2 protein chains.
Amino acid sequence: MADIKNDRRQEILQAARNEFIKEGISGARTQAIADHIGVTKAMIHYYFKTKENLFKEVFRQASKSFIDGLLDPLEREGPLFKKIEAFIDQLINRLENNPELAGFITNELRRHNEITAPIFRDACNIETTVFARQLEEAASDYEIAPVTPDQVIINIFSLCAFPYVGRGLLKGLLKKQNSQQYQSLLNERREMVKDTVINWLAG
Amino acid sequence: MADIKNDRRQEILQAARNEFIKEGISGARTQAIADHIGVTKAMIHYYFKTKENLFKEVFRQASKSFIDGLLDPLEREGPLFKKIEAFIDQLINRLENNPELAGFITNELRRHNEITAPIFRDACNIETTVFARQLEEAASDYEIAPVTPDQVIINIFSLCAFPYVGRGLLKGLLKKQNSQQYQSLLNERREMVKDTVINWLAG
DNA sequence: GTCTATATTGTGATAGAC
DNA sequence: GTCTATCACAATATAGAC
């Protein structure tokens, strides 16, 4: 039946997602994916033809799940600073729920840009027009310093995502061998990132 | 002679550095390293025994070159905000001079933590006692908000490094297909990062 | 020190039986 | 749809000649 066929396909995709996120496309092994759900490599070929096809599908879904709706809080009606806080909350929630996802996406974009950039670009089919206009108005009313939406988004993403993507680097630099020590630093950051961004804008 | 032996060793290390930074340990090929300097793979075995040994040596040098002296501006005498600005300048200089280095280190730490974390920890043999004391004094004099040195360093690293490590992600998100457009965003950031950090501390 | 040649294992892909 | 068996080749490691 079509349902059985679809189930098996989904099962492979799920196992592939785990393997690719953990190992990257270069380190991932089709054998490991097959083993994990108790089928043979031939099944992967049957449903996806090649490892690269399977990777592309995983990367597409990973990108979509990370990006979809991410900027929505900025596009709703409401006061500027409230919206920024809601956006930061949502971004940190996503990072917290899937701590490896952002690192996977950034790294595969770095190492295999040819393959991944078009897929990621496609997933980033989102708008920021409301937010851009609101920033401009606030700046011309002298409520905030004159900044571009691009730099606001870079700042917020950097402050939120790097502690996850660069976790190992920061743990070494700050000498936090204990993971709980580092996690409590992360917990403190939610309000701290909001302060950092708002203070910067409010000047 | 010992010098010739040492030269060839260095030559292999240099080629390996390029290959490993570009491909990571999983994607790197010993054949590619050998080809690049016109020797055979047997040479690599002669000087380093295994690919993993060679990688460890490359990662050790990469970590040291990134970390050594990095926090020095914070440990010198002088006013707090000047020191922070000098630190940000130096960090961005290093990222600019070697845009792939931070991404390499963060990713190998994520993917091969068992191997890399001890090496990186060893490279991070640095002090921040002067800076920590200065932050504490400024906070008790109400010159700045009460913050820990750890969070200051996380904020600065995030704001400086993520635009390089997560370049592909941000380019997609901001729809900058043109690399020059993205580079000019990076150029604007040097002063902007300083503002962001100082405004946050000054409250 | 450096190379050629080869051992050994791993890895993605696929043909063909059921 | 699923498996067994196998191909073709890539990759690291290494022995042995020079």
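Note on naming: letters A, B, ... go to the chains in the order of the sequence lines (proteins, then strands), and numbering restarts at 1 for each one. Values below: every heavy atom of this structure, side chains too, minus hydrogens, waters and symmetry copies. The structure displayed is predicted, hence computed values, not measured ones.
Proximity of B/Thr40 to the phosphate of C/dT2: no side-chain N or O atom is located under 4.0 Å from OP1 or OP2. Contact between the side-chain N/O atoms of A/Arg8 and the OP1/OP2 oxygens of D/dG1 is not found at any separation under 4.0 Å. Residue A/Tyr47 places at least one side-chain N or O under 4.0 Å from the OP1 or OP2 atom of D/dT2.
In this structure, of C/dT11, D/dT12, C/dG1, it is C/dT11 that holds the atom nearest to the side chain of A/Arg29. When the nucleotides C/dT2, D/dT2, C/dC3 are ranked by their closest atom to the side chain of B/Val39, C/dC3 comes out on top.
The distance between atom CD of B/Glu23 and atom C1' of D/dT12, rounded to the nearest whole Å, is 17 Å. Between the CD atom of A/Gln31 and the P atom of C/dG12 there is a distance of 9 Å, given to the nearest Å. Between the CZ atom of B/Phe55 and the P atom of D/dA11 there is a distance of 18 Å, given to the nearest Å. The distance from atom OH of B/Tyr46 to atom P of C/dT2 is 8 Å, rounded to the nearest whole Å. Distance, B/Asp35 CG to D/dA10 C1': 13 Å, rounded to whole Å. What separates CD1 of B/Ile33 from C1' of D/dT12 is a distance of 12 Å, to the nearest Å. For B/Met43 and C/dG1, the CE to P distance is 9 Å, given to the nearest whole Å. Atoms CD1 (A/Ile37) and P (D/dG1) sit 15 Å apart, rounded to a whole Å.
With respect to B/Arg8 and B/Glu11, a salt bridge is recorded, a charged nitrogen being found less than 4.0 Å from a carboxylate O.
For the residue pair B/Asn53 / B/Glu57, no side-chain donor-acceptor distance below 3.5 Å is found, with atom types taken as modelled.
Legend: ring-ring contact (aromatic ring centres under 6.0 Å, His included) pairs involving residues 10-42 of chain B, not counting sequence neighbours, sorted by first then second residue: B/Phe20-B/Phe55. Listed by first then second residue, pairs satisfying salt bridge (Lys or Arg N to Asp or Glu O under 4.0 Å) with a partner in residues 16-40 of chain A number zero, not counting sequence neighbours. Screening residues 184-202 of chain A for salt bridge (Lys or Arg N to Asp or Glu O under 4.0 Å) gives A/Asp89-A/Arg190, A/Asp89-A/Lys194, A/Glu191-A/Lys194 as the qualifying pairs, with residues at least two apart or on separate chains.
Counting any heavy atom pair closer than 4.0 Å across all strands shown, A/Ala32 reaches no nucleic acid atom. Among the protein residues, A/Ala34 comes within range of no part of the nucleic acid, since none of its heavy atoms lies under 4.0 Å from any strand.
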Per-pair distances, 0.1 Å, donor-acceptor, side chain in residues 170-177 of chain B, under 3.5 Å, sequence neighbours excluded:
| unit_1 | atom_1 | unit_2 | atom_2 | d |
| --- | --- | --- | --- | --- |
| B/Lys171 | NZ | B/Ser179 | OG | 2.7 |
| B/Lys175 | NZ | A/Cys124 | O | 2.6 |
| B/Lys175 | NZ | A/Ile126 | O | 3.2 |
| B/Lys176 | NZ | A/Asp150 | OD2 | 2.9 |

For a quick check, with a 4.0 angstrom heavy-atom cut-off, what is the B/S/- contact string for nucleotides 13-18 of chain D, read 5' to 3'?
SB----
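Residues meeting the side chain to side chain contact (heavy atoms under 4.5 Å, CB included) test with B/Lys56, sequence neighbours left out: B/Glu52, B/Arg60, B/Ile115, B/Ile119.
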